[in-house]
2 protein chains.
Amino acid sequence: MPRRRVSPDRILAAAAAEFADRGFAGARVDRIARRARVNKAMLYYHFKSKQRLYRTLLRRVFTRAGERLLAIAAGAAPPRDKVDEAIAVFATLVREHPFLPSVMLREVAEEGAHLDRETLTTLARVPRAFAAIVAEGIAAGAFRDLDPIAAYFTIVAPIVFFQASAPIRRELSAMRLMPPASDSSDLFVRHMQESIRRAFAPDATQKRSPR
Amino acid sequence: MPRRRVSPDRILAAAAAEFADRGFAGARVDRIARRARVNKAMLYYHFKSKQRLYRTLLRRVFTRAGERLLAIAAGAAPPRDKVDEAIAVFATLVREHPFLPSVMLREVAEEGAHLDRETLTTLARVPRAFAAIVAEGIAAGAFRDLDPIAAYFTIVAPIVFFQASAPIRRELSAMRLMPPASDSSDLFVRHMQESIRRAFAPDATQKRSPR
DNA sequence: GTCTATACTTCGATAGAC
DNA sequence: GTCTATCGAAGTATAGAC
């Protein structure tokens, strides 16, 4: 019989929603406790402070994200396909964890103010894994000469931004201030895959031979 | 003789820095007042509330951004060049107003919670102007078939993200967790221009004739 | 327009019984 | 592990003299 989800997990889930909605500073511990149906003292019993709760949450998600990306990087597919897969994984992660895009956006804006060394290390595995794919592709002549970190942002930023902006885009559409974008995020994923494939392709004029 | 900057302007400048650093919820009115070298009562005298101060600030910047982009859209250059110009303008805006990327990131994450109708209207002029350029390019056969709004995010998100993430990237580099990216934002602008030019190009196999 | 002082509220965190 | 009650700090906003 499926046991009822235990307190710490419920708290983490509630915190994810609250932090996504309001950011670290805007998040209210009372609200998190209420959403999790525990009282505040219980929350402090499990996670010492608002900050530690926040960091625990981030480490969890970025650990999973890093693992998935590393699996792709370690695969045997051609670099072009790995990038396609990476784009799909980013999009999936962002949909599976709706709080991810908001939190990423905010944490970037905040210059990582709430992150400790360990959390930063976990977080950094994601761009590292992606950069490895790009570097491999450049070396193999599958991509033009790119800065792997620049390439990472070229891909991740639109996915995160597009997903996170869905509510505000819907509002602007309702106000007739913006044409409604294709609401299917699948379409956007394909748009990104197609765009990046072209953007990263080596110049067609001459075939580069691996030396 | 250049008169000393008047209070409301100093307050707006200070507010820009504070909101960029901490977000709306994290921003402290006391700090804004101190940064502006006015006292808190003065701030409330000019701008009624923290929220009105915030909105005033955003309307100012997005008004300028919208104007610049509309000027490009109205120009006579070919669509490809207009997009190059738009990319350059976004990058310039983001550098001229260092608070812009943080605030955009946060406002997207917050689903526009602090924005009223008027501010949203001002803000929406930017994607509208850009989408017009893309639509023109598609109609002229200069671009492949794109969702103009998707195209907008494909461009703006990396620029904003890359600029806003500079501090956290520097930290990660210092921790040896990430290779230092080309710090020159000019390089990134050229990367984006080159990438987008390729990403938006129509299929080379067949020339489309305008009907 | 500008200041000091302060009212009022909310929040993060803890004490202590069970 | 779970609760109620509450403290002390910090925050937004205002009153009222100049």
Side-chain angles (χ1 to χ4, degrees), chain A residues 1-58 99 102-103 106-107 109-110 113-116 119, chain B residues 1-58 99 102-103 106-107 109-110 113-116 119:
Chain A
M1 210 203 278
R3 259 232 305 130
R4 193 176 201 75
R5 209 188 214 179
V6 75
S7 297
D9 279 355
R10 282 218 315 275
I11 294 171
L12 281 168
E18 175 75 3
F19 285 129
D21 286 354
R22 325 251 182 175
F24 184 81
R28 299 297 165 234
V29 176
D30 293 86
R31 260 198 301 262
I32 295 174
R34 188 153 32 83
R35 286 191 191 201
R37 299 191 316 280
V38 293
N39 67 47
K40 215 172 20 165
M42 199 66 257
L43 186 155
Y44 278 99
Y45 172 78
H46 285 296
F47 305 89
K48 299 299 173 194
S49 74
K50 181 180 172 180
Q51 201 179 54
R52 287 168 70 106
L53 173 58
Y54 183 74
R55 289 174 179 171
T56 305
L57 180 66
L58 262 63
F99 81 99
S102 324
V103 169
R106 285 190 226 257
E107 209 46 60
E110 229 124 299
H114 314 106
L115 307 181
D116 56 359
T119 309
Chain B
M1 212 202 277
R3 256 231 308 130
R4 192 177 202 74
R5 210 187 215 179
V6 76
S7 298
D9 280 356
R10 282 217 315 276
I11 294 171
L12 281 169
E18 175 75 1
F19 284 128
D21 287 353
R22 325 252 182 174
F24 183 81
R28 298 299 165 234
V29 176
D30 292 87
R31 260 198 301 262
I32 295 174
R34 189 153 32 82
R35 285 190 193 202
R37 300 192 314 281
V38 292
N39 68 48
K40 218 175 11 171
M42 197 69 256
L43 186 156
Y44 278 99
Y45 172 78
H46 284 297
F47 305 90
K48 300 299 173 193
S49 74
K50 181 180 173 182
Q51 199 179 57
R52 286 168 71 105
L53 172 58
Y54 184 75
R55 290 174 179 172
T56 305
L57 180 65
L58 262 64
F99 82 100
S102 324
V103 169
R106 287 189 222 260
E107 208 47 60
E110 228 123 302
H114 314 107
L115 307 181
D116 55 358
T119 308

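Numbers restart at 1 for each chain; the letters A, B, ... are given by sequence-line order, proteins then strands.
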Integer-rounded Å distance: C:dA17 P and A:Tyr45 OH: 17 Å

Taking only N and O in the side chain of A:Tyr44, is any of them less than 4.0 Å away from OP1 or OP2 of C:dA13? yes

To the side chain of A:Asp30, which of D:dA15, D:dG1, C:dG12 is closest? C:dG12

In whole Å, what is the span from the NZ atom of A:Lys50 to the P atom of C:dA13? 8 Å

Counting C-beta onward and ignoring hydrogens, is there a side-chain heavy-atom pair between A:Glu107 and A:Phe24 closer than 4.5 Å? no

Calculate the interatomic distance between A:Arg22 atom CZ and C:dG12 atom C1'; express it in whole Å. 16 Å

Please report, rounded to the nearest Å, how far the P atom of D:dT12 is from the CZ atom of B:Arg34. 12 Å

Check the phosphate of C:dG12 against A:Ser49, side-chain N and O only, distance under 4.0 Å to OP1 or OP2. Yes or no? no

Just how far, in rounded Å, is P of D:dT6 from NZ of A:Lys40? 13 Å

Separation of C:dT2 C1' from B:Phe47 CZ (nearest whole Å): 15 Å

Give, for atom CG of A:Leu57 and atom CZ of A:Arg52, the distance between the pair rounded to the nearest 0.5 Å. 14.5 Å

Any side-chain to backbone donor/acceptor pair from A:Glu18 onto A:Arg28? Under 3.5 Å, distance only. yes

Among the candidates C:dT4, D:dG1, C:dT14, find the nucleotide nearest to the side-chain atoms of A:His46. D:dG1

Under-4.0 Å side-chain N/O to phosphate OP1/OP2 contact, B:Arg28 with D:dT12: yes

Check whether any side-chain N or O of B:Asn39 sits under 4.0 Å from OP1 or OP2 of C:dT2, and answer yes or no. no

Side-chain contact, heavy-atom cut-off 4.5 Å: A:Leu53 with A:Leu12? yes

Working for ring-ring contact (aromatic ring centres under 6.0 Å, His included), residues A:Phe19 and A:Tyr54: CA-CA 8 Å; A:Phe19 285 129; A:Tyr54 183 74; 4.8 Å; yes

Along DNA chain C (nearest heavy atom to each residue), the more 5'-positioned of A:Ala41 and A:Ala25: A:Ala25

NA contact type, B:Ala27, heavy-atom cut-off 4.0 Å: base, sugar-phosphate, or nothing? sugar-phosphate

Expressed in angstrom and rounded to an integer, what is the separation of B:Ile32 atom CD1 from D:dG11 atom C1'? 12 Å

d(NE2, B:His114; P, D:dT12) in whole Å: 12 Å

